[in-house]
There are 2 protein chains.
Amino acid sequence: MSQLPKRPLTLRDVSEACGVSEMTVSRVLRKSGDVSATTRERVLAAAKELGYVPNQIAGSLASQRVNLVAVIIPSLSNMVFPEVLNGINAGLDDTPLQPVVGVTGYRPEKEEQVLYEMLSWRPSGVIIAGLEHSEATRAMLLNAGIPVVEIMDTDGNPVDAMVGISHRQAGRDMAREILREGYERIGFLGTKMPLDHRARKRFEGFTEALAKEGIEIEDRAFYSGGSALLKGREMTRDMLERSPDLDFLYFSNDMIGAGGLLHLLDEGIDVPGQIGLAGFNGVELLAGLPRQLATMDACRREIGEEAAKIILNASSSEPDADLPKTVIMNPTLSVGDTLRRKKRG
Amino acid sequence: MSQLPKRPLTLRDVSEACGVSEMTVSRVLRKSGDVSATTRERVLAAAKELGYVPNQIAGSLASQRVNLVAVIIPSLSNMVFPEVLNGINAGLDDTPLQPVVGVTGYRPEKEEQVLYEMLSWRPSGVIIAGLEHSEATRAMLLNAGIPVVEIMDTDGNPVDAMVGISHRQAGRDMAREILREGYERIGFLGTKMPLDHRARKRFEGFTEALAKEGIEIEDRAFYSGGSALLKGREMTRDMLERSPDLDFLYFSNDMIGAGGLLHLLDEGIDVPGQIGLAGFNGVELLAGLPRQLATMDACRREIGEEAAKIILNASSSEPDADLPKTVIMNPTLSVGDTLRRKKRG
DNA sequence: TTGAAAGCGCTAACAG
DNA sequence: CTGTTAGCGCTTTCAA
């Protein structure tokens, strides 16, 4: 830390400062090969003294190895994705690999562009949300020649590996639970997102399971943008005005579900006696509400960790060929205080 | 898209496929220099046909330019930071620059390590949360020879540029507002985070402004981990048990504030008549609560956008030297429904 | 245990 | 408008 360099320092600078060849300096800094303790100390001291930071660009070009993992997700505004990122971070901690995040805003063309940019850094692997991609995106994924893990959804065929839950199944399970409790006049409230395939699949699974019992959704509403909690309140109010006979509301996420719950409590409506409620995601927030919303855990953190493991394995020197390429997690349904209506034997 | 390459494609492959020199292919792909329309088309067609993705590693090494901006934040779990990231994303959209995010978990040594790794990619700039860093971190920042923007806090001296709000001032402003409304017996509830300097500074500003009026905080409580909303409920309950005379609760963030609000409403306590409440952040969530919590906007998105602008300017070919290196934003205080107690003239 | 040479894939700078 | 030459800063490989 003696001078402020206009030109970034290079190995050569360190080499000259300590009178050891560039090659040996490089070996010390990478802890590779055998270097005598004395020269190592000398090199380390010089590097620290100068404030040398290695140039990974040059290193990666020379070694043809890049310690980056591309992570591509639709959004950061929805807490779901930060939690997956935390899982990936945890899974990659204490390994040489580092996640690099790209955000698509749920737009396929943006996804394509983000992937292209990330691939141009020649990462060691790709973790990407969802199974639905444009043709070009799939082609890039296929041709990249690196491990690819598609996460969060397992209803479809992965390019390479996938880790997630079946949202169709999640929808079906919730529907069955609702019917089992005797609810029959059901409303659905969700996001207006044609490109949120996971929400769509939950909805499809949900209606499918209802249909099997001869039941149809009686009312539905979709929103986009704004405060989810507030939207939940408003939409619930509006829906119950339109369809006062409903005895259950299924929300596509916990945030609007919480809004609905708060509205009903304000109105003094008996939950779950008169109306039952369920959301999706198991967001931590819910713990503080006056009543526990029925919901289903999406295994977000675990998905991130598992995806990281797969990339790690695939890019290790001796990959375990037996490690499964498809991991389907089982979301747990928690009924909370807003779903049970009957006494049960 | 004809074959799946074991070895990633290079410029040379494209060059051979279309019979144009590597240099010209490179120019076409970078849209730099003049290339005849016909050759351009030929090159583009070949590149697409092969599925060529340029190698930025090599490109950056050769051009000595890297279109990456290092962004270093403490956490992704707190919605504050994703919102800042959204601002940065927005500010960098449609520019060649791309953010790369690193997370420190509020730990100085992790911050040091993350910064080191990011600098080893020779980014075009650094955006880093906070003004408090280890000696080594400051040294790296100083010697990196690239624009550095420290964000979210302006109570201190930046290495280079800073964008944010004064948390001390924010604390003072809230204290003054509370006193003006006639509250006098004040409790504080916050996070137990010795390394969250912004929360600490708000607290300091708050107590300082109270002290000026001869008032001291009567009770305080700190938490860590868990659902903030739930913690808010519990801590509020406990504090009012301990100190039933309190007439105001200041929360270090809106989430625990919302928990406190829900608790008080459950108990049928008059808010803001008997007890006033205020939080911090202006989280979108609040809009859906039964009552609007008094709070203060932290200008998260704007901070991100402004920081992006500074990096952009500094790394442009003709930087505007007049662009200020310090941007202090003014958080707006919204009193909501939980602060006003007096009728005012 | 250390060093020298070659080259990773691309682009700056210049020449044609 | 197009091509040639010479590296960018590091690591691989081979030799000492």
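Only heavy atoms go into these numbers, but all of them, side chains included; no hydrogens, no water, no symmetry mates. A, B, ... follow the sequence lines: proteins, then strands. Residue 1 opens every chain.
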Problem set entry | Positions of residues 33-43 of chain B (non-hydrogen atom under 4.0 Å from DNA chain C), listed by number |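 Hits under 4.0 Å, by residue number: none.
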
Please, which pairs that meet salt bridge (Lys or Arg N to Asp or Glu O under 4.0 Å) have at least one residue in [range], sequence neighbours excluded?
range                       : answer
residues 309-318 of chain A : A:E306-A:K309
residues 24-38 of chain A   : none
residues 62-77 of chain A   : none

Problem set entry | Nearest-nucleotide comparison on DNA chain D, the residue closer to the 5′ end among A:S63 and B:A62 |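 In this pair, the answer is B:A62.
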
Residues which pass salt bridge (Lys or Arg N to Asp or Glu O under 4.0 Å) with [X], listed by chain and number, not counting sequence neighbours:
X      : value
B:R300 : B:E83
B:E112 : none
A:E305 : A:R301
B:E16  : B:R12

Please confirm whether the shortest side-chain N or O distance from [X] to OP1 or OP2 of [N] is below 4.0 Å.
X     : N      : result
A:T10 : D:dG9  : no
B:Y52 : C:dC10 : yes
B:Q64 : D:dG9  : yes

Considering non-hydrogen atoms only, spot the tightest contact between [X] and [Y] and give its length.
X      : Y      : answer
B:L97  : B:S315 : CD1-OG, 3.7 Å
B:M79  : A:L76  : CE-O, 4.2 Å
B:L131 : B:E150 : CA-OE2, 3.5 Å

Exercise. So with a 6.0 Å cut-off around CG of B:N157, is the heavy-atom count from everything else above 12?
Worked result: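 Incorrect, the count does not exceed 12.
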
Problem set entry | Residue-level proximity of residues 115-126 of chain A to DNA chain D when a heavy atom falls under 4.0 Å |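 Output list: empty, so none.
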
Problem set entry | Strand contacts (DNA chain D) in residues 12-25 of chain A, 4.0 angstrom heavy-atom criterion |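 The answer is A:M23.
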
How long is the line joining [atom1] of [X] and [atom2] of [N], in whole Å?
X     : N      : atom1 : atom2 : answer
A:I57 : D:dT11 : CD1   : P     : 13 Å
A:L11 : C:dG3  : CG    : C1'   : 14 Å
B:L61 : D:dC10 : CG    : C1'   : 8 Å
B:N55 : C:dG9  : CG    : C1'   : 6 Å
A:Q56 : D:dC10 : CD    : P     : 11 Å
B:R65 : D:dG9  : CZ    : P     : 14 Å
B:R7  : C:dG9  : CZ    : C1'   : 11 Å

Heavy-atom distance under 4.5 Å between the side chains of [X] and [Y], does that happen here?
X      : Y      : result
A:Q98  : A:L92  : no
B:L119 : B:I146 : yes
B:V71  : B:L85  : yes

For this session: Report the C-alpha distance between B:T10 and B:D13 in whole Å, list the side-chain angles of each, state the deciding distance to 0.1 Å, and finish with yes or no for side-chain hydrogen bond (donor to acceptor under 3.5 Å, both in side chains).
Result: CA-CA 5 Å; B:T10 68; B:D13 295 308; 3.3 Å; yes

Problem set entry | Five-pair end axes of the helix from C:dT1-D:dA16 to C:dG16-D:dC1 and the angle they enclose, rounded to 10° |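 End axes: 30° apart.
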
Hey, what are the protein-to-nucleotides 14-16 of chain C N/O distances that come in under 3.5 Å?
none

For this session: For A:S120 and B:Q56, test the side chains for any donor-to-acceptor distance below 3.5 angstrom and give the result as yes or no.
Result: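 Result is yes, a qualifying pair exists.
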
